[in-house]
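All chains are named by letter (A, B, ...) in the order of the sequence lines, taking the proteins before the strands, and each is independently numbered beginning at 1. Computed from heavy atoms alone, side chains included, the values below leave out hydrogens, waters and symmetry copies. Please read all numbers here as calculations on a predicted model, not as lab measurements.
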Protein chains: 2
Amino acid sequence: MPKIVDPEERRRAVAEAVFRVSARDGLEHASLRNVAEEAGLAIGSVRHYFSDHNDLMIFAMRELGRRVRLRIQAHADRLLASDPEGDRRAMAEQLLAEFLPLDDARREEAVLWLTFTTAARTRPELRPLADEMDDGVRAIVRRVLREARRVGGLPGAVDIPLQTLRLTALLDGLTLHAVLYPERVTPQSMRKVLRQHLAELARPTSPTP
Amino acid sequence: MPKIVDPEERRRAVAEAVFRVSARDGLEHASLRNVAEEAGLAIGSVRHYFSDHNDLMIFAMRELGRRVRLRIQAHADRLLASDPEGDRRAMAEQLLAEFLPLDDARREEAVLWLTFTTAARTRPELRPLADEMDDGVRAIVRRVLREARRVGGLPGAVDIPLQTLRLTALLDGLTLHAVLYPERVTPQSMRKVLRQHLAELARPTSPTP
DNA sequence: GCCTTTATAGCACGATCGAGCTAAATTCGT
DNA sequence: ACGAATTTAGCTCGATCGTGCTATAAAGGC
């Protein structure tokens with residue numbers, strides 16, 4: 001029998017081709033033929049690994065979510081390893097900054113995130129994956145805020161659900177703008193906004209009027 | 001000669017069909033044939049009024065921008081007419097709330113906004129229109145903030161460009177979430193977030209650390 | 001060499017699409 | 001009725017797409 005190809009690795013490589021085509025031309029151009037060409041394979045080979053086009057799209061989006069999750073996790077681990085008792089606000093900021101497209105790799109990921117999550121609006125098969133990604137972000141933001149409150153970095157009266165909603169909207173809004181209008185939203189400006197936002201959150205306050 | 005059709009009205013009606021198809025199925029389904037069917041016309045009729053598919057897309061997006069602009073302007077006029085010297089903060093809040101998808105009509109507009117602006121990423125011909133829409137929002141937010149500072153509603157030291165960036169990101173982020181995850185982001189929660197945001201902006205502060 | 005398993009390859013078909021183009025219908029003025 | 005202008009209509013073609021399906025190549029074990 002022929003040389004064994006690791007199916008999972010092959011699938012990953014094809015998903016990478018989906019990402020490249022989508023980022024460059026839009027998801028609607030990620031046809032089997034275009035993706036096969038981008039991956040340097042014949043369409044028959046691509047179809048050996050994916051039962052149909054939907055299968056490919058689902059796999060690609062799942063792979064994207066996986067990559068984001070791993071990156072955030074690795075970053076959080078690094079932060080904790082470097083100084084478990086360090087400046088909590090700075091750490092929170094750095095962890096949250098990981099959601100922003102501050103360099104080329106993250107920017108491409110953000111492009112793909114936007115592409116797939118907006119496509120999920122009209123593609124039921126991608127819906128659960130979009131929800132999952134959103135859940136992931138909200139959970140982390142909520143945890144960051146809760147932990148900050150617990151250690152006294154935020155006022156006790158802070159409304160965690162509301163501030164989670166607000167902060168995730170801000171992060172995703174900045175990301176959306178960085179993807180669509182990169183000349184208007186630079187890495188410095190995003191960092192500055194995030195820092196300011198966290199600084200304001202930390203101030204003593206009264207409940208919403 | 002036959003009964004004259006107002007070309008502009010016909011174009012508007014066809015754009016409405018584009019909106020319906022796009023909102024329901026996604027922009028990639030707004031083919032000439034699908035749009036013609038949605039508009040109750042033969043494809044030949046549609047093509048009499050638009051030189052090609054791109055022309056139709058450009059017109060539709062321009063029409064969308066026009067509608068948003070008119071709606072915001074009318075709302076601002078109404079606010080000023082009702083009480084030119086009224087509670088400035090409440091008025092600012094109400095004006096900015098007009099950018100959020102708080103009812104069905106605005107929600108559909110938000111869906112279309114997201115659909116067209118993300119499509120503009122890979123369609124150069126739509127690019128200027130997306131920029132224009134973004135410019136419009138930023139200009140209004142900036143004006144609101146400036147005016148609030150001028151009348152003492154915001155601290156003199158507030159960084160207007162930074163807060164403009166932050167507030168537009170928040171508004172667009174909430175809108176994005178309301179479109180993609182409507183169960184998670186309700187009209188009440190959006191209003192609450194906006195109110196909180198403006199309340200925090202208004203508090204005395206020191207410049208960013 | 002044969003068999004089996006795995007991987008590569010792509011033809012063919014029906015569907016949809018945009019656009020070139022032609023033709024017919026409609027309606028008013030003369 | 002005719003002519004002109006406007007509107008409606010849709011055939012045709014080449015292109016692209018997903019998918020059913022078949023065929024070939026590749027490689028190891030016996």
*Going 5' to 3' through nucleotides 13-19 of chain D, assign each nucleotide B (protein heavy atom under 4.0 Å from a base atom), S (under 4.0 Å only from sugar-phosphate atoms) or - (no protein heavy atom that close).*
----BBB

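For the pair R12(B) and E9(B), the salt-bridge criterion is not met [side-chain N within less than 4.0 Å of a carboxylate O]. A salt bridge links R184(A) with D135(B): the closest approach of a Lys/Arg side-chain nitrogen to an acidic carboxylate oxygen falls below 4.0 angstrom. Remark: E98(A) does not engage R78(A) in a salt bridge, criterion side-chain N to carboxylate O under 4.0 Å. Taking 4.0 Å as the cut-off between side-chain N and carboxylate O, R88(B) and E147(B) count as a salt-bridged pair.
The separation between I4(B) atom CD1 and dA5(D) atom P is 12 Å, rounded to whole Å.
Within 4.0 Å (heavy atoms only), F50(A) reaches no atom of the nucleic acid at all.
Considering only heavy atoms from C-beta on, V14(A) stays 4.5 Å or farther from Y49(A) through its side chain.
Residues K3(B) and A42(B) each lie close to DNA chain D; by heavy-atom proximity, the contact nearer the 5' end of the strand is made by K3(B).
Residue pairs meeting the ring-ring contact (aromatic ring centres under 6.0 Å, His included) criterion with at least one member in residues 50-78 of chain A, sequence neighbours excluded: F50(A)-F59(A).
The closest donor-acceptor contact from the side chain of R121(B) to the backbone of A23(A) lies under 3.5 Å.
Taking side-chain N and O atoms only, H48(A) has no distance below 4.0 Å to OP1 or OP2 of dT8(C). Between S45(B) and dT7(D), a side-chain N or O to OP1/OP2 separation shorter than 4.0 Å is absent.
The shortest heavy-atom contact between L154(A) and L145(A) is CD1-O, 3.7 Å.
For the segment residues 8-20 of chain B, the set of residues with a heavy atom within less than 4.0 Å of an atom of DNA chain C is empty.
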